[in-house]
Amino acid sequence: MEPGTTAADLLGGDRSVLVARVNGELKDLDYVVHAGDDVAPVLADEPEGLAVLRHSCAHVMAQAVQDLFPQAKLGIGPPVKDGFYYDFMVSQPFVPEDLTRIEKKMLEILKSGQSFHRRIVTEDEAHRELAGEPFKIELIGKKGGNSDEIMETGGADLTVYDNVDRKGAVCWSDLCRGPHVPNTKYIPPNAVKLMRTAAVYWLSDERNPQLQRIYGTAWPSKEGLKAYLTFLEEAARRDHRKLGAELDLFSFPDEIGSGLAVFHPKGGIIRNVMEDYSRQRHIAAGYDFVNTPHVTKAALYEKSGHLDWYADGMYPPMDMDNAQYYLKPMNCPMHNLIYGARGRSYRELPLRLFEFGTVYRYEKSGVVQGLTRARGFTQDDAHIYCTREQMPGELDNLLTFVLDLLKDYGLTDFYLELSTRDPEKSIGTDEEWEQATEILYEAAKAQDLDLVLDEGGAAFYGPKVSVQAKDAIGRTWQMSTIQVDFQMPQRFDLEYQAADGTRERPIMIHRALFGSIERFFAVLLEHYAGAFPAWLAPVTVVGIPVADHHVDYLQDVVTQLKSAGVRAEVDAGSDRMPKKIRNAQKQKVPYMLIAGDDDIAAGAVSFRYRDGTQKNGVPVAEAIAEIVEAVEQRRQV
RNA sequence: GCCCCGUUAGCUCAGUGGUAGAGCACUCGCCUUGUAAGCGAGCGGUCGUCCGUUCAAUCCGGACACGGGGCUCCA
């Protein structure tokens with residue numbers, strides 16, 4: 001190898017090669033390689049390459065901003081999921097017109113073919129160069145750290161990237177760890193877009209000053225950007241808050257309060273069907289059903305330990321009869337009281353207590369979001385009390401049960417996440433935690449699904465496995481959680497008598513499949529984009545008469561459907577037929593049954609399916625059989 | 001909780017320092033209908049709430065409520 005050979009020399013000048021991986025580390029393409037180095041290309045369409053592309057884009061944006069707003073002070077500008085951002089201290093928040101100007105300036109820079117040059121500087125030099133950038137100066141003081149917030153500092157070496165124009169003049173510089181693309185020509189200008197602004201605290205600490213953040217997105221190609229924008233439109237179209245209003249499913253009346261939903265009749269039907277099916281499956285799986293109150297004296301949550309850890313997340317107490325009462329934020333302590341209401345035998349275990357338990361949590365005002373983050377919601381909550389020996393088998397069955405049930409609701413693509421102890425926020429011994437974590441890990445591994453580790457993400461009382469499900473457009477939602485708990489049985493002094501007559505402590509498993517019914521409702525609503533399968537749709541069939549005198553005939557068909565358990569109705573209103581079809585279509589009704597003179601003469605009805613396809617002259621008995629089967633099979637239409 | 005933005009009829013949205021409009025929905029007529037909007041008329045708003053500025057506030061200022069986008073958080 002010639003001395004001075006660069007990574008670019010080895011990898012070629014293809015613009016899809018953004019940086020090099022040299023002995024496992026990402027390096028700029030002008031990195032001088034040594035004999036024996038392992039050098040591989042990093043392409044724009046792999047995750048690391050994309051991050052480099054976006055990070056370079058963040059620099060270009062910052063250059064454009066300081067060009068247009070010379071007083072703007074720089075914060076940090078890393079790549080993130082789907083794009084990048086850069087934070088700025090400016091006297092006025094950016095307005096949409098500013099974004100347009102900045103975007104235009106960025107395009108000029110991208111097209112001008114500036115190159116990125118890496119330069120190692122001493123701390124003194126950095127201080128001198130960045131004298132006008134107070135936030136950057138602050139970062140220099142933090143060099144050597146590894147957290148994302150201070151990735152800009154360059155780690156061990158302090159490095160600066162210069163943006164250099166074609167004449168060799170430095171146009172802009174930034175303290176940065178890199179690496180970057182060699183030249184702005186590597187970033188396709190038609191694949192970059194600024195998305196929005198937001199105010200954020202410097203280093204995410206609310207004691208710090210606030211900066212203005214600009215989010216942008218960047219992709220390897222125009223098509224990539226277009227696909228992303230289409231995805232965003234699709235997600236907006238499916239937004240459960242929008243669909244909830246359009247389909248008249250639920251609302252959040254101001255008079256009740258933020259984060260507190262009311263379900264309208266059609267939403268109520270869907271919810272009932274969801275709950276009924278869940279109830280049926282839980283009965284079959286050996287659960288016992290219980291009910292507990294919505295308020296309780298403080299003593300209960302003092303005993304459980306929740307008040308110590310989560311008082312901030314609870315509605316404030318009500319003073320009454322010389323005691324403080326709280327709205328319940330979780331059901332477990334109440335289930336423990338049911339367990340402890342009398343002596344328990346090993347013969348009763350595992351004891352599985354199930355409840356659709358409504359809980360109230362004081363979510364901070366800024367985090368409430370439709371049904372996915374509400375202040376009052378109903379958990380499909382169960383607590384399983386079992387022996388240590390029963391636990392592995394119980395967890396195994398539970399995971400299978402959960403996944404099976406989720407599939408019945410139409411979610412099919414899953415992975416699992418194992419959340420482990422956060423030593424700062426937990427109770428119990430190391431040994432207990434290790435043991436519980438190990439058992440959960442084994443059960444999760446047995447499922448033949450991808451397993452992701454979430455270090456320190458567990459609740460204070462024990463580790464958890466959660467099921468992450470992908471919806472119809474590929475978004476991931478945390479669905480079910482299963483948590484092992486050695487602590488609560490101890491705090492509540494729960495016991496059972498073993499076969500040998502000794503008193504033993506049961507182990508408790510917390511689990512919720514939907515998490516919250518409201519949230520699961522929202523996920524399904526978005527997953528199906530409002531077009532619920534026949535068994536969940538609030539109205540499965542609408543009968544549409546061609547003219548008024550066909551109403552009675554359809555009414556008869558609908559009566560038969562109803563007696564077969566199908567939710568069906570006739571649109572007997574004064575609208576004309578095409579209008580009725582339009583209405584049913586807007587309501588995303590799975591089946592429209594149309595009848596006119598021809599159908600009546602043949603003893604038939606005509607189908608119009610939700611996708612617009614038709615099937616004419618179907619004998620009434622056949623039509624009913626087709627619909628009943630689809631509903632019973634929980635099939636999607 | 002913090003920052004930015006928003007709130008006009010049931011819904012979607014125009015508009016103005018001198019107390020308001022459209023389309024859809026709804027009601028009532030007419031029309032009697034074959035696969036996404038038949039025609040006409042009518043009903044409907046203390047312009048989110050309160051407090052200020054002003055001769056006068058839906059419009060300007062402030063507080064609060066609710067919503068949206070983020071930050072932080074999510075037992």
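FYI, side chains are in, hydrogens and waters are out, and symmetry mates aren't considered; it's all heavy atoms of this structure. Letters go in sequence order (proteins before strands), and every chain restarts at 1.
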Within 45° of the ring axis of A/F84 and under 6.0 Å from its six-membered ring centre, is that where the NZ or CZ of A/R54 lies?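 No, a cation-pi geometry is absent between A/R54 and A/F84.
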Is NZ or CZ of A/R608 both nearer than 6.0 Å to the six-membered ring centre of A/Y591 and within 45° of the ring axis? no
Protein-nucleotide distance ([X], atom [atom1]; [N], atom [atom2]), rounded to Å:
X      : N     : atom1 : atom2 : result
A/Q468 : B/C74 : CD    : P     : 15 Å
A/R237 : B/U12 : CZ    : P     : 18 Å
A/K364 : B/G1  : NZ    : P     : 9 Å
A/M314 : B/A75 : CE    : P     : 15 Å
A/W309 : B/A75 : CH2   : P     : 13 Å
A/Q369 : B/C73 : CD    : C1'   : 14 Å
A/E255 : B/G10 : CD    : P     : 12 Å
A/R373 : B/C71 : CZ    : P     : 12 Å

Looking at the side chain of [X], which of [options] is the nearest nucleotide?
X      : options             : result
A/A198 : B/A36, B/U35, B/G70 : B/G70
A/K586 : B/A75, B/A36, B/U35 : B/A36
A/I581 : B/C66, B/A36, B/U33 : B/A36

Side-chain heavy-atom pair A/H240, A/V523 within 4.5 angstrom cut-off: no
So which nucleotide does [N] pair with, by the Watson-Crick or G-U wobble rule with both distances under 3.5 Å?
N     : answer
B/U27 : B/A41
B/U7  : B/A65
B/C47 : none
B/G34 : none
B/C74 : none
B/U12 : B/A22

Quick check: any donor-acceptor pair below 3.5 Å linking the side-chain of A/D599 to the base of B/G34? yes
Using only heavy-atom distances, decide whether a donor-acceptor pair under 3.5 angstrom links the side-chain of A/R213 to the base of B/C3.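 No.
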So what does [X] hit on the nucleic acid, given a heavy-atom distance under 4.0 Å: a base, only sugar-phosphate, or nothing?
X      : value
A/N583 : nothing
A/R241 : sugar-phosphate
A/A547 : base
A/G259 : sugar-phosphate
A/S365 : base
A/R576 : base
A/Q483 : sugar-phosphate
A/P329 : base
A/V367 : base
A/D548 : base
A/Y461 : sugar-phosphate
A/F94  : nothing
A/F377 : nothing
A/D575 : nothing

Which heavy atom of A/G515 sits nearest to which heavy atom of A/D380, and what is that distance? N-OD1, 3.4 Å
Please report the shortest heavy-atom distance between A/L371 and A/A522, naming the atom on each side.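 Heavy atoms of A/L371 and A/A522 come nearest at CB-CB, 3.9 Å.
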State whether [X] places a side-chain N or O below 4.0 Å from either non-bridging phosphate oxygen (OP1 or OP2) of [N].
X      : N     : answer
A/R196 : B/G70 : yes
A/Y215 : B/C71 : yes
A/S258 : B/A65 : no
A/K579 : B/A25 : yes

How are the rings of A/H383 and A/H510 set to each other: parallel, tilted or perpendicular (split at 30° and 60°)? perpendicular
Around A/K588, counting heavy atoms of other residues, nucleotides and ligands shown, do more than 12 lie under 6.0 Å from its NZ?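 It does: A/K588 NZ has more than 12 such atoms within range.
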Pairwise [atom1] distance, [M] and [N] [rounded to whole Å]:
N     : M     : atom1 : answer
B/G42 : B/A37 : P     : 26 Å
B/G70 : B/G62 : P     : 26 Å
B/C5  : B/U19 : C1'   : 27 Å
B/C47 : B/U58 : P     : 6 Å
B/G15 : B/C3  : C1'   : 30 Å
B/A20 : B/A57 : C1'   : 14 Å
B/U7  : B/G18 : C1'   : 24 Å
B/C59 : B/U46 : P     : 15 Å

Nearest-nucleotide comparison on RNA chain B, the residue closer to the 5′ end among A/I600 and A/Y360: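 With A/I600 and A/Y360 compared, the 5'-side residue is A/I600.
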Could you pick out which residue, A/T197 or A/K464, lies toward the 5' side of RNA chain B when each is mapped onto its nearest nucleotide? A/T197
For the pair A/K266 and A/D248, find out whether any cationic side-chain nitrogen is under 4.0 Å from an anionic carboxylate oxygen. no
Can you tell me how far the OH atom of A/Y326 sits from the OH atom of A/Y301, to the nearest 0.5 Å?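 The OH atom of A/Y301 is 11.0 Å from OH of A/Y326, to the nearest 0.5 Å.
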First locate atom CZ of A/F377, then atom CD of A/E363, and finally report the distance between them rounded to the nearest 0.5 Å. 7.0 Å
